[in-house]
Protein chains: 2
Amino acid sequence: MGRDPHRVLDVPPAPPTLADVAAVAGVSRQTVSNALNNPALLRSDTLERVRAAIDQLGYSPNRAARNLRTRASHLIGLRLTPFAEGTANATMDRFVHSLVQASRQAGYHVLLFDGDDPTDPASGYDELVRSTAVDAFVVTDTYRGNPQAAYLEDASVPFVAFGRPWTPAALHPWVDVDGAAGTAAATSHLLDRGHERIAWIGWRKDSPIGEDRRAGWSRTLHARGLPTTGLASRVEDLVTSGREAAGVLLDEAAPTAFVCASDTLAMGVLHQLAERGLRPGHDVAVVGFDDSPVAQVVPGGLTSVRQPLEEVAVQIVQRLGKLIGRRERFGSGALLTPRLVVRGSS
Amino acid sequence: MGRDPHRVLDVPPAPPTLADVAAVAGVSRQTVSNALNNPALLRSDTLERVRAAIDQLGYSPNRAARNLRTRASHLIGLRLTPFAEGTANATMDRFVHSLVQASRQAGYHVLLFDGDDPTDPASGYDELVRSTAVDAFVVTDTYRGNPQAAYLEDASVPFVAFGRPWTPAALHPWVDVDGAAGTAAATSHLLDRGHERIAWIGWRKDSPIGEDRRAGWSRTLHARGLPTTGLASRVEDLVTSGREAAGVLLDEAAPTAFVCASDTLAMGVLHQLAERGLRPGHDVAVVGFDDSPVAQVVPGGLTSVRQPLEEVAVQIVQRLGKLIGRRERFGSGALLTPRLVVRGSS
DNA sequence: GGCGGTGCTTGGATCGATCAAGCGTCGCGA
DNA sequence: TCGCGACGCTTGATCGATCCAAGCACCGCC
């Protein structure tokens with residue numbers, strides 16, 4: 001109150017402090033603090049009075065002061081993966097939305113950053129940890145063995161991974177989507193439609209996620225006694241790669257359907273079909289992975305495996321909460337099941 | 001140093017503080033502070049010594065403490081717009097990336113949030129301002145008159161808008177893309193290819209952005225003495241709306257080309273063409289707006305107007321810097337020119 | 001009348017960096 | 001030799017919330 005009695009009109013008024021609220025409510029600072037952090041300690045009429053004062057002044061506790069004292073920032077760090085032009089996979093957008101929402105409900109905000117050196121997986125994390133700018137991280141780009149997880153683990157920084165740890169020794173909590181279950185559902189769906197020669201276009205062998213998704217396809221075919229040899233291709237995650245792979249497969253193995261590790265690859269297949277005058281969903285079926293906007297709006301529609309990103313976010317935030325509160329170093333994993341969204345391409 | 005001589009091994013070591021660095025370097029706290037914020041004040045040998053100590057300890061200044069003292073957070077707030085399923089417009093993703101990158105270079109991080117009440121345009125901003133959690137905002141969803149800009153202006157919260165103020169009284173800094181120039185380029189491009197009956201599919205009349213983009217189309221046609229009557233349609237930003245509008249226009253006005261206010265609408269046109277067996281780029285040309293991933297990967301490719309979002313972000317951050325440093329309330333605007341990306345559909 | 005408990009106050013320290021003033025040293029000119 | 005100013009560094013106070021310990025007023029109960 002009245003810290004600046006000769007206030008110049010031009011200067012925005014300083015926000016009220018705890019002491020201001022206390023003065024208005026006619027109680028001590030400690031009581032206001034308790035009203036916020038430990039309301040059970042107050043008599044109900046006092047609590048009411050304090051809350052009225054808070055509303056009247058439009059008071060919100062100063063974040064910096066609270067953070068300094070409690071050694072917590074209530075921020076969750078998320079490093080953006082380098083933006084890939086020309087691919088269909090806009091998974092990040094949906095995931096970020098879900099994460100922001102789930103975080104808010106848990107009293108957290110999301111801080112975005114990117115590495116100044118994109119080739120260094122630890123870049124960016126370091127400084128945020130040391131300056132105690134965030135309480136924990138969500139690590140997403142676990143596509144190739146996840147080097148930053150190892151770094152964060154020995155720096156004993158709390159984090160939850162979106163993606164299984166593909167190295168056996170890892171102990172951190174994680175949430176992931178069962179890719180194999182998704183491609184298995186896709187394959188079963190195609191089998192139900194009468195397809196028997198179903199091809200796979202996936203990622204290079206060193207991608208654990210790619211191999212996981214591939215397993216769902218091959219497992220399902222084998223279960224029905226159908227062969228997979230000659231029907232699989234592993235390429236880069238590019239539209240052109242998918243197009244070429246589809247061309248080769250069509251020429252050499254004459255599949256009637258494709259299951260792909262991503263919507264990007266599936267779009268490549270659609271390119272190939274368009275070039276040959278084959279109609280997706282009639283002549284050849286195609287299933288993608290991620291249910292990207294592209295799958296949703298491409299003419300005819302692309303059948304695709306949709307990850308439950310909203311649920312992933314909720315589960316991640318749950319684990320973050322546990323991690324931050326108590327100082328547990330371990331954590332549990334959760335494997336969620338995706339859902340097949342059927343559209344015109346199958 | 002040695003704040004906890006009986007350190008338990010399980011507990012992560014507390015990060016070093018300014019005082020720790022000072023002790024190692026044999027100087028006072030203030031000198032270390034100056035080494036970071038005002039290196040010119042130090043004698044070069046002292047500076048060297050302090051820097052060595054900083055490196056040795058892996059010191060980064062505690063954000064909370066700095067924020068408390070300087071009354072700044074070095075965070076920029078960005079409210080996510082509600083996620084629209086089934087549309088092509090993934091502009092946000094690219095913009096967020098660009099913003100994060102530009103912010104980092106200016107020493108800022110991006111804090112994401114969303115309104116707990118999506119219908120209230122001011123929701124979410126309020127609390128962040130009062131708790132001094134962010135220094136400024138970037139306001140993006142200025143599509144319909146931008147009610148939160150008015151709110152932020154009276155609350156005298158620093159912000160920069162991505163999007164022109166459509167109300168004349170507004171004084172805040174802004175950065176925008178010249179939509180009319182984009183659609184004009186698209187229309188000229190089509191004229192150059194020999195089209196004369198060029199249709200427009202845009203948004204409802206109450207969208208200033210939509211009307212701006214429409215103006216580029218009509219202006220260009222009129223300049224060549226070509227009519228626009230009967231060739232325009234205004235609908236919701238949905239694929240199905242675009243499809244229907246294209247159907248009506250084809251039946252009633254027989255255009256040979258379409259310019260659309262968004263890639264979503266353009267995809268609708270492609271749907272309509274596919275249904276009629278017309279080939280985009282051969283029988284009928286189509287141009288979209290935003291250069292979304294969809295435009296990039298759809299078979300045949302969709303010609304589209306690409307916004308220079310990287311440059312937008314840079315300009316926004318520049319203005320944020322000015323706003324935050326000095327307490328200026330005014331700010332300048334910048335109108336950037338988009339670029340037409342030509343693909344198979346035209 | 002004494003006793004315990006509830007509900008609040010008081011005074012202080014604390015988190016870690018920055019601000020503002022102060023102080024010693026050195027060089028230079030009078 | 002003394003005074004003066006500049007340079008380079010130090011010292012104490014401060015930002016606002018939280019945490020802690022102690023204490024006090026008031027109430028009801030035995």
Side-chain angles (χ1 to χ4, degrees), chain A residues 1-4 13-51 53-54 57-74 127 129-133 135, chain B residues 1-4 13-51 53-54 57-74 107 127 130-133 135:
Chain A
M1 270 189 51
R3 281 183 313 255
D4 181 10
T17 72
L18 202 83
D20 298 333
V21 175
V24 168
V27 296
S28 67
R29 285 173 311 152
Q30 183 66 54
T31 302
V32 178
S33 178
N34 286 336
L36 293 169
N37 305 318
N38 237 326
L41 292 179
L42 301 205
R43 223 170 40 208
S44 61
D45 60 328
T46 320
L47 184 56
E48 207 48 54
R49 204 146 37 90
V50 173
R51 288 198 170 142
I54 289 176
L57 294 176
Y59 168 79
S60 282
N62 182 305
R63 284 283 227 283
R66 170 178 280 183
N67 293 349
L68 175 58
R69 186 65 241 243
T70 62
R71 299 165 167 287
S73 66
H74 286 266
E127 202 260 330
V129 172
R130 292 185 314 189
S131 61
T132 60
D135 290 348
Chain B
M1 268 188 55
R3 280 180 316 253
D4 181 10
T17 72
L18 205 89
D20 298 333
V21 176
V24 168
V27 295
S28 70
R29 289 167 305 145
Q30 184 62 43
T31 302
V32 179
S33 176
N34 287 338
L36 293 169
N37 305 318
N38 237 328
L41 293 179
L42 301 205
R43 224 172 37 210
S44 63
D45 60 329
T46 321
L47 183 57
E48 207 46 56
R49 205 146 37 89
V50 173
R51 287 200 169 141
I54 288 176
L57 295 175
Y59 168 78
S60 282
N62 182 305
R63 286 285 227 282
R66 169 176 283 182
N67 293 349
L68 174 58
R69 189 67 240 240
T70 62
R71 297 163 171 285
S73 65
H74 285 264
E127 202 259 332
R130 293 184 314 187
S131 61
T132 61
D135 290 346

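First the proteins, then the strands, lettered A, B, ... as listed; each starts at 1.
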Student: Quick one: salt bridge (charged side-chain N to carboxylate O under 4.0 Å, His left out) partners of Arg49(B), sequence neighbours excluded?
Tutor: none

Student: How many angstroms lie between OG in Ser60(A) and CG in Leu36(A), if you round to the nearest 0.5 Å?
Tutor: 9.0 Å

Student: Using a cutoff of under 3.5 Å, can you pull out all pairs of nitrogen or oxygen atoms linking the protein to nucleotides 5-11 of chain C, with atom names and distances?
Tutor:
from: dC8(C); atom 1: OP1; to: Thr46(A); atom 2: OG1; distance (Å): 2.0
from: dC8(C); atom 1: OP2; to: Arg43(A); atom 2: N; distance (Å): 3.0
from: dT9(C); atom 1: OP1; to: Ser28(A); atom 2: N; distance (Å): 3.1
from: dT9(C); atom 1: OP2; to: Ser28(A); atom 2: N; distance (Å): 2.9
from: dT9(C); atom 1: OP2; to: Ser28(A); atom 2: OG; distance (Å): 2.7
from: dT9(C); atom 1: OP2; to: Thr31(A); atom 2: OG1; distance (Å): 2.3

Student: Bend across the helix from dG1(C)-dC30(D) to dA30(C)-dT1(D), to 10°, with axes taken over 5 pairs at each end?
Tutor: 60°

Student: Would you please name every residue forming a side-chain hydrogen bond (donor to acceptor under 3.5 Å, both in side chains) with Thr46(B), sequence neighbours left out?
Tutor: none

Student: Quick one: Leu18(B) CG to dT14(C) C1', roughly how many Å, whole number?
Tutor: 16 Å

Student: Whole Å only: how far is the CG atom of Asn37(A) from the C1' atom of dC20(D)?
Tutor: 15 Å

Student: What is the distance, rounded to the nearest whole Å, between atom CZ of Arg71(A) and atom C1' of dC15(C)?
Tutor: 6 Å

Student: Examine the base of dT14(D) for any acceptor or donor lying under 3.5 Å from a partner atom in the side chain of Arg69(B), and report the outcome as yes or no.
Tutor: yes

Student: Write out all pairs satisfying salt bridge (Lys or Arg N to Asp or Glu O under 4.0 Å) with one or both partners inside residues 21-45 of chain B, taking only residues at least two apart or from two chains.
Tutor: Arg43(B)-Asp45(B)

Student: Can you tell me if the side-chain N/O atoms of Tyr59(B) get under 4.0 Å from OP1 or OP2 in dA17(C)?
Tutor: yes

Student: What distance separates Arg71(B) CZ from Thr132(B) OG1, expressed to the nearest 0.5 Å?
Tutor: 8.0 Å

Student: Quick one: pull up OH in Tyr59(A) and CG in Leu18(A) and give me the separation to the nearest 0.5 Å.
Tutor: 4.0 Å

Student: Test of understanding: with side-chain hydrogen bond (donor to acceptor under 3.5 Å, both in side chains), list the residues that count as partners of Arg66(B), not counting sequence neighbours.
Tutor: Asn37(B)

Student: When rounded to the nearest 0.5 angstrom, what is the spacing between OG in Ser28(A) and CG in Asn34(A)?
Tutor: 8.0 Å

